[in-house]
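Since the structure comes first, as C-alpha cells, the remarks are kept for the end.
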Amino acid sequence: MGRCPCRIYRGKSTPYGGQGLTHMKNYLSERISAAIAKAGLPPADGPVPFEKPRSPEHGDLSTTIALLLSRRARMAPRKIAEAIVAALEVGEDYIAGYEVAGPGFINFRYSHAYLGRTLLAVLDEGEHFGRTDVHKGKRVNVEWVSANPTGPLHAGHGRQVCLGATLSAMLEWTGWDVTREYYFNNAGNQMTALGLSVRARYLEKIGFRIEESEIQYVGGYIGEIAEEIFKEFGNAKKDAAIDFFRLRGEQWCFASIKRTLDALGVHHDVFFNEDSLYKDGSIEEVIREFRERGLAYDKDGAVWFRATAFGADKDRVLVKATGEPTYRLPDIAYHRKKILRGYDKIIDIFGADHIATFPDVIAGVSALGLPADRIDVIIHQMVSFVDGGEAVRMSKRAGNVYYLDDLIRDVGADAVRYFFIMRSANSHLEFDIRLAREQSENNPVYYLQYAHARIASILRFAQSEGMSLEAAPDVSLLRRPEEIALMKTILEFPETVLFCADSYEVHHLCTYLQALAAQFHKFYHECRVVTDDKRLSHARLALCLATKQVLANGLRLLGINAPERM
RNA sequence: GCUCCCGUAGCUCAGGUGGACAGAGCAUCUGCCUUCUAAGCAGAGGGUCGCAGGUUCGAGUCCUGCCGGGAGUGCCA
C-alpha cells in the first residue's frame, strides 16, 4: 500500500520514546528511592526491582523492594511498604494508582497519559521502535554456522543458521556493532576426504573402476561436482593431483552453502578461512608460545597441550604424530586472532555435538594470557524432524540426507526462520514439517502474519472510506479494556528485544509476538475501527498503525516477511 | 564412569532470572461471519511442575541425591 501513513508523525518526537517501559522504571525507581530516604529507611543496596505481575489484578508493575529491605530495616515488609507508600510522590502523567498488597508488594497502575504518550512514540519512531543504544560503542563478533565445506547444509544446520541470524539482529538493535562471521574449515583431513571422493566419482564417470572405500562422502552432490569437472575438462583431469579435486569440491560446497543461507536471508560479513592461519604463520606462533610458557610438550611423536593445568581430565594433542595439527590448534589460533582483532565480546554458536571442543579452546586462549572471558558460547540442542506423527529418518551412510534446501522447499523460508527459534536453544527441538507446511490457523507463523495483513486491510478500507490521518489522533479516547491491554503489550517490545539480546535467548520474542497478535485480534473483535465517530476511528487507526509497526519490526528481527495481504 | 542439556496439561512447549491463585498452541467439545480479512474471537474440560530431601518469609525457578531421555567424552571435525 505504498508509503506507511505513520510517516506523518515524524518530527514530532516526544522525550519518552524508544524505551517506554525502561523510562517508566527509571522514573519509579527514582521516586521510590526518594520515598525510602524520606521515610528514614535504609537505602536499597541495588537497583529497585520491578516485575510484571502475572495477574492483572496486581497492577501493571510491581516492586518487591519492601520485602528485600525488611531484614536490614528489621521491620515487617508490609510495614515498610506502607511507610514507602506514605512518603511516595508520583505524577499522574505516569501513574494512575498504587497500593500495598500481599506480604509487602507495591503495585502500580499506569496512567492513561503514559500509555498514550508511548503509543505516539511508537508511531514517531516507526521502524526504529524497539531499538535501544544500551550497548552503543561496543563491538561483538558472532560466529555461527561454520559447517565444514564438505557438502550442502543439512536440515539440522537450520537451527544454528536461524539462531545466529536472529541473535545478531537483536544485538544490533541494542546498540552493538556486530560482525557476522563464518569460520570456514577449509583445512584439515576432511577436505582431503572430500577431494578423494570427488576424484573417485570423476574417475568412475570416465570409465575407471574405483574402490568404494575411497568414497567417504556418499551424497549425490559429489556426483554433481564430478559431472561439472567432466563437462569442463572431459578426460583431461584423470591424472590431476588430489588438490585439484579438493579445491573444486570446496568451491562447490561454498557456493551451495551461500546459496542456502541467502534463501533464508542470512548473511555473513566475514568468511574466515582456516587455511589462512597456516599461511600467515599463526599456527606456528601459537605452538611456539605454548612451548615458551611451558604448556606444550612432546610425547609419542605428538605435541601435547597441558590442558590438565586448566582443569581438564587429561592433556590434549595439538599436533599429531603425522605432523598435522588437530582441529584444536587452528581453533585456538583463530580465537586468539579474534581477540586480537579487538572485540569486546565474542560469541560462538554451535550444536550440542560439539560440546566437548570449546573447553579446550577456552583453556588454550587463557594459556596464551588472553582474556578468554570475552568469549561466550551458545550451545543449542539437537533437532529432530517429524512429519505429522512420523519421524523423518535420515542416514548419512545411505546418502538420504534431508538438506536445508529440502526443508526450505517443503515449508518455505518464513516457517523455517520461525520454527527454528521458537523454542529455547537449551531444549531439544522437534520440528514438525507438516505443521510448518500447513497454511492454516494451526501454524504460528501465519497467526502473526495474518495479524499484520489484517491491519493492512483495515488501513486500506479506512483510506477507501476517505479517512485522513493528517491530524494528530486523540489517543485519550482509547479507554476500552482491549485497547488498554493492546497499548500495554506494545510498550513492552523494546524491553523484550533487550532481554532477548542480553540473555541470548531469542525465542522470547516469538512468545511476545504471539501475545501481541492475540491482543490485537481481541481488540479487532471487540472494537470496530472505522465508524461514523471520526475522532474515535482516528484514534483506533493510530493504535492499529502502532501494532502493525511493532509486528513488522518483530518479524523483521526474525527475518520473516510481514505481508500486506494474505 | 565423567561433562553438558532436558523432564511442566493427551501432544509440542512458554514460564523475564526466587514472588502473590501454574500459562500458550495443537488435539477434544460448545458457541460467534448481511458491517474493516473466521488464517479470527469467546467458552469448557484437562496439572501431586519426574521423585525425595534442603535453603528461604516465599521454590516450577536455587542446592544435594536418585530416576528417566538426549548430546558428548579421539593423535575425526
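Chain A is the first sequence line, chain B the second, and so forth, proteins listed ahead of strands; every chain is numbered from 1. For clarity, every value in this text was computed on a predicted model and none was experimentally measured. Hydrogens, waters and symmetry mates play no part in the numbers below; they use all other heavy atoms, side chains included.
A residue-by-residue look at Arg423(A) and Val530(A) shows that Arg423(A) has its nearest nucleotide of RNA chain B further toward the 5' end. Between Ala187(A) and Tyr450(A), the one whose closest nucleotide on RNA chain B sits nearer the 5' end is Tyr450(A).
Pairing of rC51(B), defined by two Watson-Crick or G-U wobble distances under 3.5 Å, is identified with rG65(B). Across all strands shown, rU73(B) forms a Watson-Crick or G-U wobble pair with rG1(B), both key distances being under 3.5 Å. Nucleotide rA59(B) forms a pair with no other nucleotide shown, judged by Watson-Crick or G-U wobble geometry with both contacts under 3.5 Å.
Rounded to the nearest Å, the gap between the C1' atom of rC63(B) and that of rU48(B) is 22 Å.
With rounding to whole Å, Phe350(A) atom CZ is found 19 Å from rC76(B) atom P.
Cation-pi check for Arg454(A) over Phe520(A) is not met; the charged atom does not lie both under 6.0 angstrom from the ring centroid and within 45 degrees of its normal.
Look at rU17(B): its glycosidic torsion is within 90° of 0, and that puts it in the syn range.
Remark: Lys314(A) is in phosphate contact with rG74(B), judged by side-chain N or O atoms under 4.0 Å from OP1 or OP2.
When side chains are defined from C-beta on, Asp410(A) counts as touching Tyr402(A), because their heavy atoms get closer than 4.5 Å.
Backbone-only contact: His508(A) has heavy atoms under 4.0 Å from sugar-phosphate atoms and none from a base.
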Self-check item: Audit row: Lys534(A), Glu465(A), salt bridge (charged side-chain N to carboxylate O under 4.0 Å, His left out) steps and yes/no
Solution: CA-CA 11 Å; Lys534(A) 292 291 178 217; Glu465(A) 292 292 298; over 6 Å; no

